[in-house]
Amino acid sequence: QVQLVESGGGLVQAGESLRLSCVASDNTFSMYAVGWYRQAPGKERDFVAGVNWSGSNTDYATSVKGRFTISRDNAKNTVYLQMNSLEIEDTAVYYCAAARPGSSWSQPDGMAYWGEGTLVTVSS
């Protein structure tokens with residue numbers, strides 16, 4: 001059982017930046033692809049970004065491409081989400097999740113472990 005803990009959320013103004021971190025409790029975390037998801041009030045949980053086990057391959061939702069960067073440091077059991085040029089529409093609870101082997105990181109049903117989320121609020 002891998003436990004994931006997100007941090008780094010907060011209240012920022014539009015145009016500012018935040019960096020989210022997702023720390024895992026287990027060294028096996030380095031074997032998992034990881035996805036960041038977000039859920040705004042009254043909406044479904046949506047894929048934001050994904051990274052493979054080594055960090056060599058990444059993918060982004062269209063809405064964040066060019067503004068967000070996902071990366072990982074397996075020595076620290078940590079995945080990051082650097083968020084720049086934040087927009088009001090980015091307001092949501094952000095979750096990290098580890099994908100089941102062979103599953104896509106962009107599908108919530110394919111994720112084996114979830115963190116409890118960190119709230120990002122972007123104001124005008």
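None of these values were measured; they are calculated from a predicted model.
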Asker: With a 4.5 Å heavy-atom cut-off, do Trp105 and Phe47 have their side chains touching?
Answerer: yes
Asker: Between Ala112 and Arg100, which heavy-atom pair has the shortest distance, and what is it?
Answerer: CB-CG, 3.5 Å
Asker: Membership question, hydrophobic clusters at under 4.5 Å side-chain separation (ILVMFWY): are Tyr32 and Leu81 in the same one?
Answerer: yes
Asker: With rounding to the nearest 0.5 Å, note down the distance linking CD in Gln13 to CD1 in Ile88.
Answerer: 10.0 Å
Asker: For residues Met111 and Val93: do they belong to one hydrophobic cluster (side chain heavy atoms under 4.5 Å, members Ile, Leu, Val, Met, Phe, Trp, Tyr)?
Answerer: yes
Asker: Take Ser63 and Arg38 through the side-chain contact (heavy atoms from CB on, under 4.5 Å) test and state the conclusion after the steps.
Answerer: CA-CA 12 Å; Ser63 60; Arg38 66 186 181 187; 3.4 Å; yes
Asker: Are any side-chain N or O atoms of Gln107 and backbone N or O atoms of Ser104, one a donor and one an acceptor, separated by less than 3.5 Å?
Answerer: no
Asker: Under 6.0 Å from the six-membered ring centre of Trp114 and within 45° of its axis: does the NZ or CZ of Arg45 meet both?
Answerer: yes
Asker: What pair of heavy atoms forms the shortest contact from Asp73 to Tyr80, and how long is it?
Answerer: CB-CE1, 4.1 Å
Asker: So Cys96 and Val79, do their side chains get closer than 4.5 Å, heavy atoms only?
Answerer: no
Asker: Within a strict 4.5 Å, meaning less than it, do heavy atoms of the Tyr113 and Gln1 side chains meet?
Answerer: yes
Asker: Under 3.5 Å, is there a donor-acceptor pair between the side chain of Arg67 and the main chain of Ser85?
Answerer: yes
Asker: So, do Val2 and Thr28 sit near enough that their side-chain heavy atoms are less than 4.5 Å apart?
Answerer: yes
Asker: For residues Tyr60 and Val64, report the shortest heavy-atom separation together with the two atoms involved.
Answerer: CB-CG2, 4.1 Å
Asker: Measuring only between side-chain heavy atoms, which start at C-beta, is Ser123 closer than 4.5 Å to Leu11?
Answerer: yes
Asker: Give, for atom OG of Ser103 and atom CG of Asp109, the distance between the pair rounded to the nearest 0.5 Å.
Answerer: 9.5 Å
Asker: Side chains of Asp26 and Asn77: is there a donor and an acceptor less than 3.5 Å apart?
Answerer: no
Asker: If hydrophobic clusters are built by linking Ile, Leu, Val, Met, Phe, Trp and Tyr wherever their side-chain heavy atoms come under 4.5 Å apart, do Tyr37 and Leu119 end up in the same one?
Answerer: yes
Asker: Please confirm whether Arg72 makes a cation-pi placement over Phe29, using NZ or CZ under 6.0 Å from the six-membered ring centre and within 45° of the ring normal.
Answerer: yes
Asker: Do Leu86 and Leu18 have side-chain heavy atoms sitting under 4.5 Å apart?
Answerer: yes
Asker: If only side-chain N and O atoms count, and only distance matters, is there a donor-acceptor pair under 3.5 Å linking Asn84 with Ser17?
Answerer: yes
Asker: For a side-chain contact (heavy atoms from CB on, under 4.5 Å) with Met83, tell me which candidate from Val48, Leu20, Ile70 qualifies.
Answerer: Leu20
Asker: Please check: side-chain N/O of Glu6 versus main-chain N/O of Gly117, any donor-acceptor pairing under 3.5 Å?
Answerer: yes
Asker: Quick one: does Thr118's side chain have a donor or acceptor within less than 3.5 Å of a partner on Gly9's backbone?
Answerer: yes
Asker: Please name the pair of heavy atoms, one in Ala92 and one in Ala40, separated by the smallest distance, quoted to 0.1 Å.
Answerer: CB-N, 3.8 Å
Asker: In terms of heavy-atom contacts, does CD of Gln3 have more than 12 from other residues, nucleotides or ligands at under 6.0 Å?
Answerer: no
Asker: Would you say that Cys22 contacts Trp36 through its side chain, given a criterion of any heavy-atom pair below 4.5 Å between the two side chains?
Answerer: yes
Asker: Other residues, nucleotides and ligands only: do more than 12 of their heavy atoms fall within 6.0 Å of CD on Glu87?
Answerer: yes
Asker: For the residue pair Glu16 and Val122, establish whether any side-chain heavy-atom pair is separated by less than 4.5 Å.
Answerer: no
